[in-house]
Amino acid sequence: MKDTTLTVGAYGIVVDEYGQVLMVRRDDSRTWAPPGGGVDADEMPPDAAAREVEEETGLKVLPLRLIGLHYMRLWRNEYLSFGFRCLRRGGELTPSRETPAVGFYNPAQPPGRIASSHRQRLIRGLTHDGAQPYWGTQRPALNTTLTRGLLLPFVYRYMDWQRWRRGEPPYRKPRGWTIETRLIARNVADEVLWLRADDGLWRLPVGYRARREAPWDAATRVMAGWNVPAQLEHFAGATVAAHNHMTLAFTTTTLTRLPRVQDDQEAAFFPIAQPPSEAMPAHLTTLQHATQPPPLYFHRQKT
């Protein structure tokens with residue numbers, strides 16, 4: 001069975017009173033980037049962004065809003081990154097072993113080489129208008145792919161050797177995440193589409209990510225099987241569950257009629273306030289969060 005997990009990361013865009021942006025120089029690639037890193041096991045993305053900014057720069061920040069979701073394939077690895085505009089709350093600029101240089105810099109004139117993917121994230125973060133976050137696939141430049149695929153494995157071995165000399169444990173790659181997408185699909189009467197499987201339980205339409213596929217592409221693949229025009233409209237939020245499972249919720253454009261579904265499923269529209277009585281509890285929670293303010297949510301599913 002192919003591994004369909006990916007690495008989930010989070011980063012923060014922090015701007016000072018002079019319009020300069022917080023950047024770090026990475027010790028592995030020697031390039032400049034916004035501070036960020038992997039989301040730990042069962043950690044919420046906003047919490048991860050705040051933690052990574054503090055670990056890499058010494059600054060305490062508050063993530064204010066999601067500005068982007070970026071999916072990227074790099075060599076044999078897959079990444080999904082959450083970007084947040086953050087407000088500085090305290091702390092002092094302090095380099096770390098992983099980020100030997102940190103500071104606020106003019107985004108138009110970074111202090112050194114910056115990967116094209118990080119430059120794109122900076123631009124989107126600085127120009128975000130506070131509305132819906134961006135989501136899309138980033139295609140790294142060839143030099144970035146070659147650096148990550150050919151050079152960094154040797155760099156990481158050398159860094160592990162240095163850790164061994166200091167009596168520290170070796171670097172551990174962040175545990176992979178499984179990603180599921182759920183669709184909030186409404187009709188012209190503002191009713192929501194539910195699907196019932198042969199177990200008798202109603203669920204929202206679900207897309208399961210295939211290997212080397214962006215999460216939103218999995219949702220689009222599900223809608224492609226319907227006989228009704230539908231597109232993704234808004235990112236509604238994310239739910240973190242146990243065992244590094246994350247659910248991303250999207251709303252769709254308005255459906256004009258009941259879609260065609262698989263033979264082993266039944267489809268029906270239900271009012272938002274009157275969902276089916278035999279609905280999956282986790283899907284009811286998704287609907288509740290996705291249809292009530294605030295318009296974008298991060299939720300931890302109770303075990």
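Atom CD of Glu17 has more than 12 heavy atoms from other residues, nucleotides or ligands within 6.0 Å.
Ring geometry, Phe298 versus Phe84: the interplanar angle falls from 30° to 60°, so the pair is classed tilted. Trp202 and Phe270 have perpendicular rings, their planes meeting at more than 60° on a 0 to 90° scale where under 30° would count as parallel. The aromatic rings of Trp135 and Phe250 sit perpendicular to each other, their planes meeting at more than 60°, with 30° as the lower class boundary.
Rounded to the nearest 0.5 angstrom, Leu183 CG and Glu233 CD are separated by 12.0 Å. For the atom pair OG1 (Thr285) and CE (Met280), the distance works out to 10.5 Å, reported to the nearest 0.5 Å. Between atom OG1 of residue Thr57 and atom CD of residue Glu52 there is a gap of 10.5 Å, rounded to the nearest 0.5 Å. Residue Glu43 holds its CD atom at 7.5 Å from CH2 of Trp177, rounded to the nearest 0.5 Å. Atom-to-atom distance recorded for Lys60:NZ and Cys86:SG is 14.0 Å, nearest 0.5 angstrom. Taken to the nearest 0.5 Å, the NE2 atom of His299 stands 6.5 Å off from the CD atom of Gln301.
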Exercise for the section: Could you check Arg139 against Ser116 for side-chain contact (heavy atoms from CB on, under 4.5 Å), going step by step and ending with a plain yes or no? Expected result: CA-CA 9 Å; Arg139 291 172 174 79; Ser116 59; over 6 Å; no
Exercise for the section: Take Leu255 and Arg186, measure what side-chain contact (heavy atoms from CB on, under 4.5 Å) needs, and give me the verdict at the end. Expected result: CA-CA 6 Å; Leu255 303 185; Arg186 307 189 196 192; over 6 Å; no
Practice task
For Tyr105 and Trp32, run ring-ring contact (aromatic ring centres under 6.0 Å, His included): C-alpha distance rounded to whole Å, both residues' side-chain angles, the deciding distance at 0.1 Å, then the answer.
Solution key: CA-CA 11 Å; Tyr105 301 95; Trp32 289 83; 5.1 Å; yes
Practice task
Please step through side-chain contact (heavy atoms from CB on, under 4.5 Å) for the pair Leu6 and Tyr71, ending with a clear verdict.
Solution key: CA-CA 10 Å; Leu6 48 67; Tyr71 169 78; 4.0 Å; yes
Practice task
Please assess Leu59 against Phe104 for the test side-chain contact (heavy atoms from CB on, under 4.5 Å), listing each intermediate value before the final yes or no.
Solution key: CA-CA 12 Å; Leu59 298 186; Phe104 285 92; 3.9 Å; yes
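Checking side-chain atoms of Arg257 against main-chain N and O of Asn227 turns up a donor-acceptor pair under 3.5 Å. Gln138 places a side-chain N or O within 3.5 Å of a backbone atom of Ser117 that can act as its donor or acceptor partner. With hydrogens and angles disregarded, a donor-acceptor distance shorter than 3.5 Å links the side chain of Arg221 to the backbone of Tyr208. In this structure a side-chain-to-backbone donor-acceptor pair under 3.5 Å is present from Thr94 to Glu92. Put simply, the side chain of Thr247 never gets that close to the backbone of Thr181: no donor and acceptor are under 3.5 Å apart. No side-chain donor-acceptor contact under 3.5 Å links Thr99 to the backbone of Val24. Judged by distance alone, the side chain of Arg300 and the main-chain N or O of Asp42 form a donor-acceptor pair under 3.5 Å. Distance alone, capped at 3.5 Å, is enough to place a donor-acceptor pair between the His128 side chain and the Gln132 backbone.
Between Asp129 and Ala131, the closest heavy-atom pair is OD1-N, 2.9 Å. Contact detail for Ala10 and Ala49: the closest heavy-atom pair is CB-N, 3.7 Å. Counting all heavy atoms, side chain and backbone alike, Thr253 lies closest to Ala230 at OG1-CA, 3.5 Å. Across all their heavy atoms, Ile114 and His118 have their closest contact at CG1-CB, 3.9 Å. Contact record, Phe82 with Leu69: CE2-CD2, 3.8 Å, taken as the closest heavy-atom pair. What you find for Met23 and Pro111 is that their closest heavy atoms are SD-CD, 4.4 Å.
For the pair Leu287/Ile184, a side-chain contact is recorded, criterion being any heavy-atom separation below 4.5 Å from C-beta on. Taking the side chain as every heavy atom from C-beta outward, Asp16 and Arg88 never approach each other to under 4.5 Å. Here the side chains of Arg25 and Pro100 are in contact, with some heavy-atom distance below 4.5 Å. Looking at heavy atoms from C-beta onward, Pro275 lies out of side-chain contact with Val192 at the 4.5 angstrom threshold. Side-chain contact check for Val206 versus His283: some heavy-atom pair is nearer than 4.5 Å. The shortest distance between side-chain heavy atoms of Leu93 and Leu22 falls below 4.5 Å. Looking at Asp190 and Pro271, their side chains never come closer than 4.5 Å, going by heavy atoms from C-beta outward. Counting only heavy atoms from C-beta outward, the side chains of Arg89 and Val61 never approach each other to under 4.5 Å.
Remark: the Thr286 side chain and the Arg182 side chain contain an N/O donor-acceptor pair separated by less than 3.5 Å. Between Thr178 and His245, the side chains place a donor N or O and an acceptor N or O closer than 3.5 Å (distance only, hydrogens not considered).
Put simply, Val14 and Ile67 are part of two different groups of oily side chains (I, L, V, M, F, W, Y) that touch within less than 4.5 Å, one to the next. Linking ILVMFWY residues whenever their side-chain heavy atoms come closer than 4.5 Å, directly or via other members, places Met44 and Phe235 in the same cluster. Connection of Leu296 to Val8 is established within a shared hydrophobic cluster, with ILVMFWY side chains joined at heavy-atom distances below 4.5 Å, either directly or through further cluster members. Hydrophobic cluster membership differs between Val15 and Leu62, with clusters built from Ile, Leu, Val, Met, Phe, Trp and Tyr side chains linked at under 4.5 angstrom. Side-chain heavy atoms closer than 4.5 Å link hydrophobic residues (I, L, V, M, F, W, Y) into clusters, and following such links, possibly through other members, connects Val240 to Leu80.
Two rings, from Tyr134 and His70, have their centers less than 6.0 Å apart.
Every residue two or more places apart in sequence or in another chain was checked for a salt bridge (Lys or Arg N to Asp or Glu O under 4.0 Å) with Asp47, and none qualifies.
When each of Arg211, Arg73, Arg209 is checked for a side-chain hydrogen bond (donor to acceptor under 3.5 Å, both in side chains) with Glu78, only Arg209 meets the rule. When Asn187, Thr256, Leu193, Leu258 are each tested for a side-chain contact (heavy atoms from CB on, under 4.5 Å) with Val228, only one passes: Thr256.
Listed by first then second residue, pairs satisfying side chain to side chain donor-acceptor pair (under 3.5 Å) with a partner in residues 258-279 read Arg196-Glu266, not counting sequence neighbours.
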